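Here's the structure we're looking at; comments come further down.
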Amino acid sequence: MSGEIQQRFHARSIQDPDGFWREQSTLVHWETPFDQVLDYSRPPFARWFVGGKTNLCYNAVDRHLAARGDQNAVVYISSETGVEKHYTFRQLHAEVNRFAAVLKRLGVGQGDRVIIYMPMIAEALFAMLACTRIGAIHSVVFGGFAAHSLATRIDDARPLVMITADAGMRSGKSVRYKPLVDEACRLAQFPPQHVLIVDRGIDPEMSRMPGRDVDYAELREAVGEATVPVTWLESNAPSYILYTSGTTGKPKGVQRDTGGYAVALAASMHHIFCGKPGEAMFTTSDIGWVVGHSYIVYAPLIHGMTTIMYEGLPTRPDAGIWWKIVAQQGVTVMFSSPTAIRVLKKQDPKYLSQHNLQSLRTLFLAGEPLDEPTARWISDGLAVPVVDNYWQTETGWPILSAMPGVEDTPRKYGSPSFPVYGYNVALLDENTGQEVGADQKGVLAIVPPLPPGCLSTIWGDDARFVSTYFSLLKERKVYSSFDWGIRDQDGYYFILGRTDDVINVAGHRLGTREIEEAISGHANIAEVAVVGVEDKVKGQVPVAFAVVRNASSLQDDAALAALEKEVMETVDQRLGGIARPARVHFVTLLPKTRSGKLLRRSIQALAEGRDPGDLTTLDDASALEQIRAALVSRR
Ligand code: ATP
Ligand code: MG
C-alpha cells in the first residue's frame, strides 16, 4: 500500500509531538529559545513553544535581508488599475518599518488592535506586517463587507486604529470604502480613535473627519526612513484576530498565536506546498480570508519566496490573466479555490493553453468541496497535479492534504487525501462517540491538543471557544469541525459536507454534497446547490438549484423540463432514487458568501418559506432574488 512514509511521519507527530515539533521549530528564528514545546495543563487550551520569543514580521522580512535582500519579496499586480510593482526584501523591510513608525505615532503598541479594511493593495500587506512587527494585533476585515458587518467586528475587536483606503476597484468600477468606514464608525459602540487612509486617488470626493482621519502618505513622509525595532513576543502572544466566513451563522473571532503559527506555516511550506526559497508563489485569495493571511502574506515570505499579490478578477481582461501571471513571474506553486476554477470553467478552455506554464509544479485548491469534473478539467487543462486540501479559518493551515514533500502519494479525485501531521483526526459517530469504520460517515473531529498554528481561543471568549468547538461528545473533549467525512479502505478521506447540511429523507441520511457531486456529473451543469426542504411525508426532500453551462441551448420550458428530468436520472443512476431531487430549479447565479462559499442555509430558508437570516456575508443579493423567483415560477 502506498503512503507508508507519510503514515509514519504522521504517526510520529502524534506519538511524539514534543520531538516532532521541536524539530520543526528550527525552521524559524527564536530570539529566546522556548522552555517547553507544549503546555497542555489546561485542556483544551494548548500553548506551544512556551517561553520562546519570536516575531512573525522578523521571520517574514528581516531574517532574509542578508541572503536575499535584492530578491523580490512581493510582486503586486492589479488588472484593475494596471499597476505592477515589485518590492525586494530590502524594500519591503523599508516599507514595513515606515508603516510601523506611522502606527507608533498614532499610539499603537503591543496588544492594541488594528482593523485593516482594505482592497488588495501592497499597503495592506505592509500594514499587516507592521502590526506584527510591533506586537499589535491585526484584524483584517474583507474589504467590501457592508458597514453593519464592519461595525460588529469593530465592537468585538475594539481597535485603536482602523486602516483603510479611499476605494477599491472591481471589474473596472470604483468601489468606495471610506463612506462605509464612516458609517461603520457611526454604528459602532467602540469606534477607533484614528482612521488611517491610504489614498489611491480613486475617489476624489472622499471626505475626511478632522482629528480622527489621518493620511498615510503624509505620515509616511513625516516619519522618513524610520526603522522600528522588532518587538519580541512570547510565542503565545496573539498575532491576529480573523473572523470565520459566516457560512453557517454568526462569524467567530479566531485568535491566533505567534510562535506556533510561524512554525506551522514554515513546516507546511516544506512538507505540503513544496515551494523553494527564491521561487514565486501565487495565491489567488484575498488578504481578508485565512488563505490570504497564511499563503499570500506569512508563509511564502517566512519561507523566503516571492509572493504574488493580485487585485482583480480571474476573467479580466480575459480568462487567461492568471496564467499570464504564472508565465511572466515563473510561479512554481499556485493556490486557489474550487469556486474560482468553476468560474474559469464557464469560459473558453483555450485560455489555459495560451501561456507557457512550464514553471508551475502544483495547483493547490481549498475552501470548498472539489468536484471531480472541475478537478479533471483544470488538471488536464494545465497539465499539472491538483492537490485538494481541507482546512478552516480556525486551523490556519491544512488538516487534510497530500504532502508531496513527505511522500508523493497518488491522489484520488474528490479526496483531500490524508490527515496532515500534527492533526489527530478521527471520524466519530455523533451518537456513540465511537470511531466509525472504513466507508462509514462520521463527524470529522480532531483529538486535542490542536497542533501549532490553530486557534488559541475565540477572541475575548474562552467559554465560547470551549462550548462551540469541544462539545461534540459529553464524555471527552474533542474538536468538532462540523463537517462530515468518510475514509475509504485505502485511508483516503472525503468531505461530505457540513453537519448541518445533512438531510433526512424518509429516515435516510444524505449529504447534500453527495447529491451535488452526482448532479455535477451531468455535462451541462456548471454548478449546483442542493438543500433539504421540509416535506410532510418524507421529513425532508432534496431540492436542487443548478447553473447550466450552455444556457443558449435551453430556449423554452420544454427544454428546461427535459434537462430537469435528465438531472434527476443522473442522480438515480449514481446514488439511487432516494437521493433524487424533488425539483431542479435553474438559475444563472448561486448565493455565496464573499469568500465564495455556497450559502445553503439561506437557500434552504427561502425554499421553506422562512426568513433567509443573517445576510451580511452574502456576496450578490441578486442571487437570492433568483432563488426566490425560481421557487415561485410555475414551470
Ligand atoms: P462559518 O464557520 O462562520 O460558518 P466557514 O466554515 O464557511 O464559516 P471557513 O473557515 O472559511 O468558514 O471555511 C471552512 C470550511 O470550508 C470547512 O469547515 C469546510 O466545510 C469547507 N472546506 C474547506 N476546504 C475544503 C475542502 N478542500 N473540501 C471540502 N470542504 C472544504
Ligand atoms: Mg466553519
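What you see is a predicted model, and the numbers here were worked out from it, not measured in a lab. All ligand and atom numbering here is 1-based and tracks the order in the structure. Note: hydrogens, waters and symmetry copies are ignored here, and every other heavy atom, side chains too, is used.
Under the 30°/60° scheme for interplanar angles, the aromatic rings of F145 and W289 are found to stand perpendicular.
With rounding to the nearest 0.5 angstrom, the CG atom of L428 is 5.5 Å from the CG atom of L473. For the atom pair NE2 (H271) and OG (S13), the distance works out to 10.0 Å, reported to the nearest 0.5 Å. Here the straight-line distance linking atom CE of M128 with atom CG of L56 works out to 10.0 Å at 0.5 Å rounding. Atoms OH and OG, on Y421 and S401 in that order, are 9.0 Å from each other to the nearest 0.5 Å.
K345 places none of its side-chain heavy atoms less than 4.5 Å from the side chain of E527.
A heavy-atom cutoff of 4.0 Å around ligand 1 is satisfied by the protein residues T244, S245, G246, T247, T248, K252, G367, E368, P369, D388, N389, Y390, W391, Q392, T393, E394, D483, I495, R498, K597.
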